[in-house]
Trainee: 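First the structure, then my questions, so here it is.
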2 protein chains.
Amino acid sequence: MGASKINIHSQKAIDIAQVAKVFAHPARVAILEYISNHKDCICGDLVDEIGLSQPTISQHLQVINKAGLLKGNFKGKSLCYCINTKRLLQFQTIFNSFFSQTNNNCC
Amino acid sequence: MGASKINIHSQKAIDIAQVAKVFAHPARVAILEYISNHKDCICGDLVDEIGLSQPTISQHLQVINKAGLLKGNFKGKSLCYCINTKRLLQFQTIFNSFFSQTNNNCC
DNA sequence: TAGTAATATTGCAATATTACAATAATATAT
DNA sequence: ATATATTATTGTAATATTGCAATATTACTA
């Protein structure tokens, strides 16, 4: 019982849900916005900017990264988080195809 | 402490996250697809189609409904669930504006 | 007004997510 | 190599989500 009975769903539905989950938390939305608005890639101050602790930010970054949305130098002192533009476009495509397929009206 | 520290985020980020949450579960994606693919609005067999119990489907429908994505006759025997096209388009607009704003590349 | 057929609500259990303190790991500079 | 500055990981607690059984509600019909 309980949560997560995902094995009964189609792969397509699972994929869409997984993409949506990345954006399903305000912190991750804010992180993505901040990164994209700072071309100098000084991303260490996400903690100050967003107001969550460093481990929490790191966790959210991991979620974003696992979804393939990050690019850059991930290690050391002068690291650099950037948006993976190609992947983001894929996400947009997935969403828009879902939207256009769903945009019927029967009543 | 623990979860939900949403008061620190911008309204915009919260809005996007809330929209995303609707699509962040395969069952809800499947429900939306099923409804949109059945113009006759015979939606009572969502339970059989998706493989979750009636209360669970009802809960997911409630989430979708609270987001404003449903239209139709919600009560009685011959009810009818339909997609609220206008609202869905709003969702699409919100997502696409987020995508286009975020689609930078600094590396 | 019962009876029927459908969805909604409630209560509860299991899992997932979120958040942070403490610690570990990594790369740079001295 | 050691110190420093940064991010990642681990452990733990709290909240949120998911799912179903049991029950309530709702509208239609005879």
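Below, read A as the first sequence line, B as the second, and so on, with proteins coming before strands; counting in each chain starts at 1.
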Trainee: Rounded to the Å, how far apart are Lys66(A) NZ and dT9(D) C1'?
Mentor: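 Nearest whole value for this atom pair: 11 Å.
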Trainee: Find out if a path of hydrophobic residues (ILVMFWY) with successive side-chain heavy-atom gaps under 4.5 Å connects Ile50(A) to Val63(A).
Mentor: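 Different clusters.
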Trainee: Whole angstrom is fine here: how far is it from NE2 in His60(B) over to C1' in dA8(C)?
Mentor: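 Result: 15 Å.
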Trainee: Just how far, in rounded Å, is P of dT15(D) from CG of Leu52(A)?
Mentor: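 Computing the Leu52(A):CG to dT15(D):P distance gives 16 Å.
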Trainee: Will you find, in the side chains of Asp45(B) and Tyr34(B), an N or O donor that is under 3.5 Å from an N or O acceptor?
Mentor: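 Per modelled atom types, Asp45(B) and Tyr34(B) side chains form a pair under 3.5 Å.
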Trainee: Can you figure out which of dC20(C), dT18(C), dA8(C) approaches the side chain of Ser58(B) most closely?
Mentor: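 Given the options dC20(C), dT18(C), dA8(C), the side chain of Ser58(B) is closest to dA8(C).
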Trainee: If I compare all heavy atoms of Gly51(B) with all of Ile8(A), which pair ends up nearest, and what's the gap?
Mentor: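 Looking at all heavy atoms of both residues, the closest pair is O-CD1, 3.7 Å.
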Trainee: Measure the distance from CG on Leu61(B) to C1' on dT9(C) and round it to the nearest whole Å.
Mentor: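 Rounding to the nearest Å, CG of Leu61(B) and C1' of dT9(C) are 14 Å apart.
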Trainee: Tyr81(A) side chain: which of dT18(C), dG19(D), dT7(D) is closest?
Mentor: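 Nearest to the side chain of Tyr81(A) among the choices is dT7(D).
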Trainee: My understanding is that only one of Ile83(B), Ile35(B), Leu32(B), Asn84(B) makes a side-chain contact (heavy atoms from CB on, under 4.5 Å) with Ile64(B); could you say which?
Mentor: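 That would be Leu32(B).
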Trainee: Between C1' on dT17(C) and CD on Gln18(A), what's the gap in Å once rounded to a whole number?
Mentor: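 Rounded to the whole Å, the gap is 15 Å.
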Trainee: Where do N or O atoms of nucleotides 22-25 of chain C meet protein N or O atoms at under 3.5 Å, pair by pair?
Mentor:
none

Trainee: Gln62(A) has a side chain; which of dC20(C), dA8(D), dT9(D) sits nearest to it?
Mentor: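 The nucleotide sitting nearest to the side chain is dT9(D).
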Trainee: List the residues meeting salt bridge (charged side-chain N to carboxylate O under 4.0 Å, His left out) with Lys66(A), not counting sequence neighbours, and say none if there are none.
Mentor: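 Counting only residues at least two positions away or on another chain, Lys66(A) forms no salt bridge (charged side-chain N to carboxylate O under 4.0 Å, His left out).
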Trainee: Any base atoms under 4.0 Å from Gln59(B), or only sugar-phosphate, or nothing? Heavy atoms, all strands.
Mentor: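 Counting heavy atoms under 4.0 Å across all strands, the contact made by Gln59(B) includes a base.
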Trainee: Would you tabulate the side-chain donor-acceptor contacts of residues 11-21 of chain B under 3.5 Å, counting partners in other chains and residues two or more places apart, or write 'none'?
Mentor:
| from | atom 1 | to | atom 2 | distance (Å) |
| --- | --- | --- | --- | --- |
| Gln11(B) | NE2 | Asp15(B) | OD1 | 3.1 |
| Lys12(B) | NZ | Glu33(A) | OE2 | 2.9 |
| Lys12(B) | NZ | Gln101(B) | OE1 | 2.6 |

Trainee: Using a 4.5 Å cut-off on heavy atoms from C-beta on, say whether the side chain of His25(B) contacts that of His9(A).
Mentor: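 Yes, side chains in contact.
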Trainee: Just how far, in rounded Å, is P of dA16(C) from NZ of Lys21(B)?
Mentor: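 For the pair Lys21(B) NZ and dA16(C) P, the rounded distance is 17 Å.
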Trainee: Ile31(A) CD1 to dA8(D) P: how many Å, rounded?
Mentor: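 Atom-to-atom, Ile31(A) to dA8(D), this comes out as 11 Å.
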Trainee: Looking at Ser53(B), does any N or O in its side chain come under 4.0 Å of the phosphate oxygens OP1/OP2 on dG19(D)?
Mentor: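 No, no such contact exists.
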Trainee: Report the distance from atom NE2 of His25(B) to atom C1' of dT17(D), rounded to the nearest whole Å.
Mentor: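 To the nearest whole Å, that distance equals 8 Å.
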